[in-house]
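For reference, the structure is listed below as structure tokens.
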Amino acid sequence: MRIVLLGAPGSGKGTQGEKLVAHYGVPKISTGDALRAAVKAGTELGKKAKATMDAGGLVANEIVIGIVEERLGEADAQKGCILDGFPRNTAQAQVLDGMLTRLGQPGIDKAVHLHVSDEEIVKRLLDRAIKEGREDDKEDVIRRRIDVYNAETRPLLAYYQAQNKLVTLEGVGTVDAIFDSIVKVLS
Ligand code: AP5
Ligand code: MG
């Protein structure tokens with residue numbers, strides 16, 4: 001089970017990713033979580049990434065590719081993984097395909113795209129800002145993240161469609177109902 005979760009910021013990749021981990025018993029690889037942990041720990045990598053993340057831009061490909069390559073090589077990722085927030089542009093998607101081949105792992109089974117309107121995204125992330133205080137959950141940065149998604153990440157829908165791996169699901173409703181619809185398309 002190797003799944004890529006695609007979707008705009010706030011579309012529910014992290015939320016559904018956690019549930020998929022519990023359901024399928026494979027680890028989640030989230031470049032966003034890994035980068036935030038590096039920022040928190042004050043590592044060199046974290047220092048390099050912080051300003052870009054706070055502004056809602058994409059961190060350099062070599063940084064996120066390094067994170068994913070290391071994680072995919074670990075024992076628990078041999079039976080599969082849920083990728084959350086990676087790949088995020090065509091170059092990353094191409095590198096991922098090559099990486100899986102090199103590591104002797106099967107390719108991606110499905111790319112699950114969670115579709116959520118911009119208004120709902122802004123509402124969710126402003127709400128999270130109050131609860132969690134994530135640095136990039138400020139309205140101007142949220143809008144910039146949506147723009148970056150549309151420019152850089154949206155082309156991946158066509159990339160996975162061309163491989164017959166894309167499924168688009170409505171990402172609005174209860175968390176459990178969305179999860180059920182994901183499991184249904186994966187079975
Ligand atoms: P990343 O951490 O990947 O953030 P993101 O894509 O902007 O997405 P979010 O984590 O905000 O949202 P999500 O889709 O996970 O939704 P969630 O489940 O949390 O990336 C952050 C930054 O790191 C990037 O901007 C970039 O700088 C850098 N980065 C990361 N990966 C990179 C890469 N590959 N290349 C380059 N740079 C990279 O849900 C959002 C909120 O909504 C939560 O509060 C949740 O509780 C709520 N919610 C979830 N589902 C529902 C529902 N059904 N109904 C109502 N509310 C819901
Ligand atoms: Mg997330």
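Numbers here are sequence positions counted from 1. What you see is a predicted model, and the numbers here were worked out from it, not measured in a lab. Whatever order the structure lists ligands and atoms in, that order sets their numbers, starting from 1.
- Although no hydrogens or angles enter the test, the distance criterion places no donor-acceptor pair under 3.5 Å between the side chain of Gln78 and the main chain of Gln105.
- For ligand 1, the atoms sitting less than 4.0 Å from at least one non-hydrogen atom of Gln92 are 33 (C), 34 (N), 35 (N), 36 (C), numbered in the order shown with element in parentheses.
- Considering Asp176, Val68, Thr15 only, the shortest heavy-atom separation from atom 39 (O) of ligand 1 involves Thr15.
- In terms of protein heavy atoms, atom 16 (O) of ligand 1 is closest to Gly12 N, 3.1 Å.
- Inter-residue side-chain proximity for His113 and Tyr160 is flagged as unmet; no heavy-atom pair is nearer than 4.5 Å.
- For atom 43 (C) of ligand 1, the closest non-hydrogen atom on the protein side is Arg128 CD, 4.0 Å.
- Salt-bridge formation is detected for the pair Asp136/Arg134: a Lys NZ or Arg NE/NH1/NH2 atom is positioned less than 4.0 Å from an Asp or Glu carboxylate oxygen.
- Protein heavy atom closest to atom 37 (N) of ligand 1, with residue, atom name and distance, is Val59 N, 3.0 Å.
- Among Ala177, Ala8, Gly10, the residue whose heavy atom lies closest to atom 40 (C) of ligand 1 is Gly10.
- In terms of protein heavy atoms, atom 4 (O) of ligand 1 is closest to Arg134 NH2, 3.2 Å.
- Here atom 25 (O) of ligand 1 lies nearest to Gly57 when heavy atoms of Ala49, Gly57, Gly173, Gly32 are compared.
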Q) Given Glu119 and Lys123, is the salt bridge (charged side-chain N to carboxylate O under 4.0 Å, His left out) satisfied, shown in steps? A) CA-CA 6 Å; Glu119 301 87 286; Lys123 188 169 143 271; over 6 Å; no

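- No donor-acceptor contact under 3.5 angstrom links the side chains of Tyr149 and Asp118, judged on distance only.
- For Arg143, the CZ atom is loosely surrounded, since the number of other residues' heavy atoms within 6.0 Å does not exceed 12.
- With ligand atoms numbered from 1 in the order given, ligand 1 contributes 53 (N) to contacts under 4.0 Å with heavy atoms of Ile178.
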Q: For Arg36 and Glu135, run salt bridge (charged side-chain N to carboxylate O under 4.0 Å, His left out): C-alpha distance rounded to whole Å, both residues' side-chain angles, the deciding distance at 0.1 Å, then the answer.
A: CA-CA 10 Å; Arg36 277 184 293 280; Glu135 287 290 335; over 6 Å; no

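- Two different hydrophobic clusters hold Leu58 and Leu156 under the rule that ILVMFWY side chains link at heavy-atom gaps under 4.5 Å.
- Between Phe86 and ligand 1, no N or O atom pair is found at a separation short of 3.5 Å.
- The protein atom (non-hydrogen) at minimum distance from atom 28 (C) of ligand 1 is Leu35 CD1, 3.6 Å.
- Close N/O approach between Asp84 and ligand 1 is not found [any backbone or side-chain N/O within under 3.5 Å].
- Taking only non-hydrogen atoms, the option from Gly14, Ala51, Pro87, Ala129 nearest to atom 15 (O) of ligand 1 is Gly14.
- Within a 6.0 Å radius of NZ in Lys48, other residues, nucleotides and ligands contribute 12 heavy atoms or fewer.
- With respect to atom 54 (N) of ligand 1, the closest heavy atom belonging to the protein is Arg124 NH2, 3.4 Å.
- Under a 3.5 Å cut-off, the side chain of Thr52 and the backbone N or O of Val59 do not form any donor-acceptor pair.
- Under the 4.0 angstrom criterion for non-hydrogen atoms, Gln16 is not in contact with ligand 1.
- A salt bridge does not link Arg88 to Glu152: none of the charged nitrogens lies less than 4.0 Å from a carboxylate oxygen.
- At least one N or O atom of Ser11 sits closer than 3.5 Å to an N or O atom of ligand 1.
- Considering backbone and side-chain atoms alike, Thr31 places an N or O below 3.5 Å from some N or O of ligand 1.
- One option in Lys123, Lys13, Arg88, Met53 has a heavy atom closer to atom 24 (C) of ligand 1 than any other, and that option is Arg88.
- Atom 7 (O) of ligand 1 has as its closest protein heavy atom Arg145 NH2, 2.7 Å.
- Contact annotation for Glu132 and ligand 1: no heavy atom of the residue comes within less than 4.0 Å of the ligand.
- When only modelled atom types and interatomic distance are considered, Gln16 and Asp84 share no side-chain donor-acceptor pair under 3.5 Å.
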